[in-house]
Amino acid sequence: MNITGSETLIRSLLAEGVNTIFGYPGGAIMPVFDALYDFKKEINHVLVRHEQGAVHAAQGYARVSGKTGVALVTSGPGATNAITGITDAMMDSTPLVVISGQVASFLLGSDAFQEADVISLTQPITKWTYQIRRPEDIPWAVSRAFYIAASGRPGPVMLDIARDAQLNKCDYSYKKTDFLRSYKPLSEPELDKIELAAEIINSAKKPLALVGQGVILGNAEEELLAFLEKADIPFGSTILGLSAMPTDHPLNNGMLGMHGNVSPNMKTNECDVLIAIGMRFDDRVTGNLATYAKQAKVIHFDIDLAEMDKNVKTTVKVLGDVKETLPLMTNFLEKKSHTDWKTEFKPYDKTEFDCVIKEELFPESGDIKMGEVINKVTEATQNKAICVTDVGQNQMMASRYFKYTQSRSMVTSGALGTMGFGLPASIGAKYGAPDRTVCLFVGDGGIQMTIQELGTIMEHNVDVKIILLNNSWLGMVRQWQELFFNERYSETQMHNPDFIKIADAYNIKGKKVTQREELDDAIAEMLSHKGAYLLEVQVEAKGMVYPMMPAGSCVTNIMLGEGRTIQNAK
């Protein structure tokens, strides 16, 4: 076929199995949107209201579907508006192909209207960035883009297509990429390292596993289960790894890190073998590296050599895809029972429940708490919903109290912590898993950063359940100001609009709850409603997320509330 570069692009995307694109048109990408007009039955284009929303929606889609998300934007401000989402995807290892229009190749470097140096801007925040100036290069670039984005440690790829490359014609043919000489996404497992690690685990008296998102990205949930159960190893999860295993699994001790559960944090500095699986030892997990797990032998499973010994020095590095390395390891493991060790977690769990969880989830009086709202929603969905969060207190509370029964059920901005992520990501999540309930937990600050995406929900009738936890503050910043800045609340109190009226303007049904007695019925109404729903809950103004490990402190320096620490808790 001798066709335009624009049609070549669409056919190349179809060859990669793409059926959903999130985007926003503009002058430099207009030829592609014109070609898209003839492929409406094959590709569903979701018109967002801002390019940042397009990329976050593509992230949500990728995270729950396991496919590569696709975003389509124009040149100049279209491309620069996408940068936050691309950075977020890079830091959270989300496979994306972001395609931007560009001015005609003969105008490059002339400061033409809506020209931006997309290559220089995105090279540091992508796995690969490439500018296409000829139509015949489009299939070649698209094929490589999808291979690079999804293989090895996933991440975003940027394709910048000059306008004349979209308009000019070429002979079309397509070949999928499965090998690049200069790119080696996977390493062969080293059996000697695996055997050595197995010997250490077999001799361990107090092993602890740290489960990260690498398990989910590698589709290795079953392999992880077999590994943990054979060796009877208790574990904690990073925020992005939370749904890799069911919340109620007996070996599951909850979330790691700054606002994580007490027992896995404390036991990090008491275990004799620490087994990190598909996680990168983020500072929010480790706290002060100088005091982190110094007593333990450390075994690190990861697909990315750059993560090995980057933060925590390892005893044994197990490089490779965990779907392959975990079962190899399991073959060398002895069947174990660590009953006494697992029992040591329970006093910490009881202290956390008595000092924090009981009052947060089951308050007898006072204002509604974030935790109790989240707990009621997850129970009302039988713990089967997809949890999407924005960033802030809503994120930490949802991470702590939402429960999971299946993988790919937690969608949040982990490493970058992008406020405004939640609303567009929930849209993408619903497209990625249309048969599942999608619940978004968002604060009054975060929702206003991308509130225009209510228009996307309206236009496309996206059935997302939005739970707005409104405390009229930028809650997490306020919490830090209260604890560490002498209650000097600088620019954190919010004067908010009527969110229910805004939802109504977008033809989205909504309800505001201010009394605890109204909450159960409101949640039931939201979940039974066919279509999008905004449930605004007025929560306590100055609620706190505890436990809390202050930034840069020891992982066992855990605050449980006003002057109470895990060390002095009764």
Do the ring planes of [X] and [Y] sit parallel (below 30°), tilted (30 to 60°) or perpendicular (above 60°)?
X    : Y    : result
F484 : W480 : perpendicular
F227 : F301 : perpendicular
H249 : F235 : tilted

Report yes if some heavy atom in the side chain of [X] is under 4.5 Å from a heavy atom in the side chain of [Y]; otherwise report no.
X    : Y    : answer
L483 : M559 : yes
V215 : M279 : no
I216 : E221 : yes
Y401 : V377 : no
I566 : T556 : no
M158 : I86  : yes
D232 : W341 : no
V373 : L519 : yes

Suppose we screen for salt bridge (Lys or Arg N to Asp or Glu O under 4.0 Å). Which residues come up paired with [X], at least two apart in sequence or across chains?
X    : answer
K317 : D309
D367 : none
E482 : R478
E270 : K267

Can you tell which of L423, I467, I386 makes a side chain to side chain contact (heavy atoms under 4.5 Å, CB included) with L440?
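Going through L423, I467, I386 one by one, the side chain to side chain contact (heavy atoms under 4.5 Å, CB included) with L440 is satisfied by L423 alone.
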Test item: [X] side-chain N/O and [Y] main-chain N/O as donor-acceptor pair under 3.5 Å:
X    : Y    : answer
S407 : A244 : no
T565 : I558 : no
N253 : S263 : no
N202 : A198 : yes
D390 : G443 : no
R63  : T412 : yes

For Y348, all residues meeting ring-ring contact (aromatic ring centres under 6.0 Å, His included), sequence neighbours excluded:
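So Y348 forms no ring-ring contact (aromatic ring centres under 6.0 Å, His included) with any residue.
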Evaluate salt bridge (charged side-chain N to carboxylate O under 4.0 Å, His left out) for E372 paired with R516, printing each intermediate quantity in order.
CA-CA 10 Å; E372 71 173 305; R516 179 168 287 111; 2.7 Å; yes
Checking side-chain polar atoms at under 3.5 Å, does [X] have a donor or acceptor matched by the opposite partner on [Y]?
X    : Y    : answer
S93  : Q213 : no
T405 : N383 : no
T437 : T381 : no
R436 : S409 : yes

Going by side chain to side chain donor-acceptor pair (under 3.5 Å), name the residues that satisfy it together with D272, two or more places apart in sequence or in a different chain.
none
Does E364 have more than 12 heavy atoms from other residues, nucleotides or ligands lying within 6.0 Å of its CD?
no
Taking NZ in K403 as the centre, count heavy atoms belonging to other residues, nucleotides or ligands within less than 6.0 Å. Is the count above 12?
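Counting neighbours around NZ of K403, more than 12 heavy atoms of other residues, nucleotides or ligands fall under 6.0 Å, so yes.
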With salt bridge (charged side-chain N to carboxylate O under 4.0 Å, His left out) as the criterion, how do E307 and K310 come out once you've worked through the C-alpha distance, each side chain's angles and the decisive distance to 0.1 Å?
CA-CA 5 Å; E307 294 297 342; K310 185 177 80 173; 3.0 Å; yes
